[in-house]
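Notes for the one structure printed next.
No hydrogens, no waters, no symmetry mates; every other heavy atom, side chains included, goes into these values.
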Amino acid sequence: MKLDLLGDRQRTHYCGELRKEHAGKTVFLAGWVDVRRDLGNLIFLDLRDHTGRTQIVCNPAISAAVHDRADEVRGEYVVGVEGEVVVRGPGTVNPTLATGEVEVMAHTLLVLNEAKTPPFPIEDEIKTSEETRLRYRYLDLRRGRMQRNLRLRHRSSQVVRAHLSEHGFQEIETPFMTRSTPEGARDYLVPSRLHHGQFYALPQSPQLFKQLLMIAGFDRYYQIVRCFRDEDLRADRQPEFTQVDIEMAFPQREVLFDIIERLVEKLFALVDVKVERPFRRMPYDEAMEKYGSDKPHTGFGLEWKRISLAADDAGKVRVAEPIKGLRVPGWSGASRSQLDKLQETAKSLGADWFSYIKVTDADTQSPLVKPLGKPAVEALAASMEAQPGDLVLLLGLKSATSISAFRMLDNASGELRLDIARKLELIKPGTWNFLWVVDFPMFDYDEKEKRFAAMHHPFTSPREEDLEKLESDPGSVKARAYDLVLNGSEIGGGSIRIHRQDVQRQVFKVLGLSEEKARERFGFFLDALEYGTPPHGGIALGHDRIIALMAGEASIREVIAFPKTASAIDMMCESPAGVEQEQLDELGLSIKEV
RNA sequence: GGGGACGUAGUUCAGCUGGUUAGAACGCAUGCCUGUCACGCAUGAGGUCGCGGGUUCGAGCCCCGUCGUCCCCGCCA
């Protein structure tokens with residue numbers, strides 16, 4: 001079809017703007033045809049842009065040319081309309097449309113471009129598979145919902161920049177082509193053409209660079225920065241994702257927390273959520289004991305308690321102490337199959353001892369009554385403060401062997417808690433539970449490798465009072481690390497760093513990293529530490545996760561313009577992809593068949 | 001690496017115990033229609049049942065393999 005030229009015409013309004021007070025005005029609108037309703041001699045077009053929709057009337061009595069043109073137009077055609085804003089007649093007002101009180105009588109209709117029929121409808125709520133949406137992401141992004149999500153993302157970034165600038169933070173860019181540090185996540189590698197056999201690595205985070213900026217005297221730094229991790233994906237994990245990376249010199253944890261809390265308050269104000277400050281602080285040990293998670297969802301009750309059995313009762317029911325108990329209010333009516341399912345879940349998570357007590361007005365029922373006797377069971381229920389109508393779940397290990405076994409028990413208790421909360425629909429949407437988890441252990445003992453590993457990262461400072469335990473009892477050393485948790489998901493994490501060489505060396509020693517190895521990996525950084533490093537610390541916030549939570553989306557893919565699938569593939573441009581032999585030759589690479 | 005769910009028209013799905021011509025809705029096309037806004041009415045087009053192999057007289061359905069998507073575990077300092 002013959003297309004019209006835009007010429008020097010400019011839009012006078014967006015498609016979502018026109019109201020009654022514009023009546024009588026001649027306007028020029030442009031956008032996409034959302035829908036066309038052809039009543040024969042009268043054609044309505046809904047014209048759409050990112051602001052909304054306006055009804056265009058193509059009446060041959062006004063202009064035969066416009067009507068003829070409208071006859072040829074289809075969904076998603078790009079058109080420009082010049083016409084007069086008129087107030088709609090009685091009975092033709094559309095109250096579901098913001099512009100529904102008016103319409104535009106078209107004098108001129110320019111068809112600026114045609115469009116193929118899209119593979120799925122361009123509307124907010126669609127059932128189309130994500131696969132198809134991602135293949136045609138440019139059409140998916142045309143949908144109002146995605147427009148809102150990405151525009152919210154823009155405003156979030158603006159808020160971050162304004163807030164941190166206000167507090168004296170400097171935005172400084174750090175390199176994407178850097179050096180592989182084979183600790184932590186797998187790196188994405190970039191082969192070097194000039195240096196065959198050598199590789200850059202894309203940063204998992206700008207951790208070392210931001211610390212170097214503190215050494216360089218920038219005092220306060222931030223960056224909204226892409227990070228890359230070559231690990232398996234999830235709904236809340238992408239191979240490239242964005243962090244709000246923050247670092248400050250001479251830090252006091254509470255000062256940093258306050259800056260972050262105020263930032264979070266401003267961010268959530270964008271979606272009309274009032275955030276209560278200050279956030280609760282919870283030691284890691286408490287989080288693990290009560291919630292069985294280092295990122296507990298505290299928005300509903302259900303807290304585990306460590307309990308021990310009287311005298312030799314543990315032996316009678318063949319469980320190792322301590323066991324964990326959970327009071328589930330009002331669930332004494334739990335069915336056999338529900339309990340069986342819970343037990344199965346517990347077992348699959350490593351907690352191989354499971355029992356329960358049903359407390360009712362009439363009776364106290366439990367598989368433990370037989371081996372322990374009723375009074376003991378009733379005492380147990382009482383110690384859990386169980387009321388009639390409650391169910392008490394008990395979780396344990398048949399034989400406890402190690403610290404990691406107890407960690408497994410904690411993890412299982414945490415999963416079970418969430419499982420029950422979902423089953424009983426205790427997690428209410430629209431509640432926002434912010435929480436700082438603090439006092440993480442410094443090290444995690446790796447049972448298989450028989451060595452300690454850094455729980456956060458090897459540059460995290462131990463608590464000052466724990467310094468002398470680094471050598472004698474590393475397992476009990478607490479780190480000056482913290483996580484920011486919202487509704488059971490980790491939205492940020494950071495620490496006060498090590499600024500002293502001697503401490504850094506000791507930590508490497510605990511980690512079993514020899515002087516040479518450490519030098520090989522982080523030599524430049526260890527050198528820098530020697531030139532007057534100020535105490536410093538910071539945090540990295542998960543930008544994608546925070547925006548997804550604000551937008552009410554279950555997956556961060558919904559707030560990323562061009563995300564990848566769970567197998568790290570871009571459905572649209574079909575990356576990764578092979579390259580020309582010539583390119584490989586230039587890089588000195590050859591592909592090995594496996 | 002492991003577990004689960006799924007894969008049929010452009011889209012979302014149905015398809016019985018294996019049975020002969022694979023359906024529906026929406027979308028799309030054509031025609032009619034001057035107040036629609038989920039327009040209406042009529043007609044029509046549209047299928048490599050993900051792919052490969054096997055069993056069978058016969059496979060969308062059963063078996064084996066494979067590819068892909070989503071969710072979870074491991075992993076993600």
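- The partner of B/rC41, taking Watson-Crick or G-U wobble pairs whose two distances both stay under 3.5 Å, is B/rG31.
- With both ends at atom P, the span from B/rA42 to B/rU56 equals 49 Å, rounded to whole Å.
- Scanning for side-chain contact (heavy atoms from CB on, under 4.5 Å) contacts around A/Ala518 gives A/Phe508, A/Leu513, A/Leu526, with sequence neighbours left out.
- For the ring pair (Phe, Tyr, Trp, His ring centres under 6.0 Å) test, no residue two or more places apart in sequence or in another chain qualifies with A/Phe199.
- Distance check on atom C1': B/rC67 versus B/rC16 gives 29 Å, rounded to whole Å.
- Taking 4.0 angstrom as the limit, A/Ser567 places a side-chain polar atom (N or O) nearer than this to OP1 or OP2 of B/rU69.
- For A/Arg237 against B/rC76, a side-chain N or O and a base N or O form a donor-acceptor pair under 3.5 Å.
- Legend: ring-ring contact (aromatic ring centres under 6.0 Å, His included) pairs involving residues 50-71 of chain A, not counting sequence neighbours, sorted by first then second residue: A/Tyr14-A/His50.
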Distances under 3.5 Å between nitrogen or oxygen atoms of protein and nucleotides 10-14 of chain B:
residue : atom : partner  : partner atom : Å
B/rG10  : O2'  : A/Pro119 : O            : 3.0
B/rU11  : O4'  : A/Pro119 : O            : 3.2
B/rU12  : OP1  : A/Ser129 : N            : 2.6

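- In this structure, a donor-acceptor pair under 3.5 Å is present between the side chains of A/Gln55 and A/Arg37.
- B/rG68 and B/rU8: their C1' atoms are spaced 16 Å apart (whole Å).
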Could you go over nucleotides 32-38 of chain B and give all protein N or O partners under 3.5 Å, atom names and distances?
residue : atom : partner  : partner atom : Å
B/rC33  : N3   : A/Asp38  : O            : 3.2
B/rC33  : N3   : A/Gly40  : N            : 3.3
B/rC33  : N4   : A/Asp38  : O            : 3.3
B/rC33  : N4   : A/Asp38  : OD1          : 3.4
B/rC33  : N4   : A/Gly40  : N            : 3.3
B/rU34  : OP2  : A/Asn41  : N            : 2.9
B/rG35  : N1   : A/Glu103 : OE2          : 2.9
B/rG35  : N2   : A/Glu103 : OE1          : 2.5
B/rG35  : N2   : A/Glu103 : OE2          : 3.0
B/rU36  : O2   : A/Arg37  : NE           : 2.6
B/rU36  : O2   : A/Arg37  : NH2          : 3.2
B/rU36  : O2   : A/Gln55  : OE1          : 3.3
B/rU36  : N3   : A/Gln55  : OE1          : 2.8
B/rU36  : N3   : A/Gln55  : NE2          : 3.0
B/rU36  : O4   : A/Gln55  : NE2          : 2.7
B/rU36  : O4   : A/Arg88  : NH1          : 3.3
B/rC37  : O4'  : A/Arg37  : NE           : 3.0
B/rC37  : O2   : A/Gln55  : OE1          : 3.4
B/rC37  : O2   : A/Asn94  : ND2          : 3.1
B/rC37  : N3   : A/Arg88  : NH1          : 2.8
B/rC37  : N4   : A/Arg88  : NH1          : 3.3
B/rC37  : N4   : A/Thr92  : O            : 2.4

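- The side chain of A/Arg557 places an N or O atom within less than 4.0 Å of a non-bridging phosphate oxygen (OP1 or OP2) of B/rC71.
- Atom name C1', nucleotides B/rC32 and B/rG19: the rounded distance is 43 Å, in whole Å.
- Taking atom P on both B/rG52 and B/rA59, the two are 14 Å apart, rounded to the nearest angstrom.
- The base of B/rG74 lies close enough to the side chain of A/Arg234 for a donor and an acceptor atom to sit less than 3.5 Å apart.
- Both distances falling under 3.5 Å, in either a Watson-Crick or a G-U wobble arrangement, place B/rC6 opposite B/rG68.
- Remark: B/rA25 base-pairs with B/rU11; criterion is Watson-Crick or G-U wobble with both hydrogen-bond distances under 3.5 Å.
- When the P atom is compared between B/rG4 and B/rA45, the two are found 43 Å apart, to the nearest whole Å.
- Taking the C1' atom of each, B/rC41 and B/rA22 are spaced 28 Å apart, rounded to whole Å.
- Positionally, the nearest nucleotide of RNA chain B for A/Arg74 lies more toward the 5' end than for the other of A/Ala453 and A/Arg74.
- With sequence neighbours left out, the side-chain contact (heavy atoms from CB on, under 4.5 Å) criterion links A/Asp294 to A/Tyr284, A/Met288, A/Phe440.
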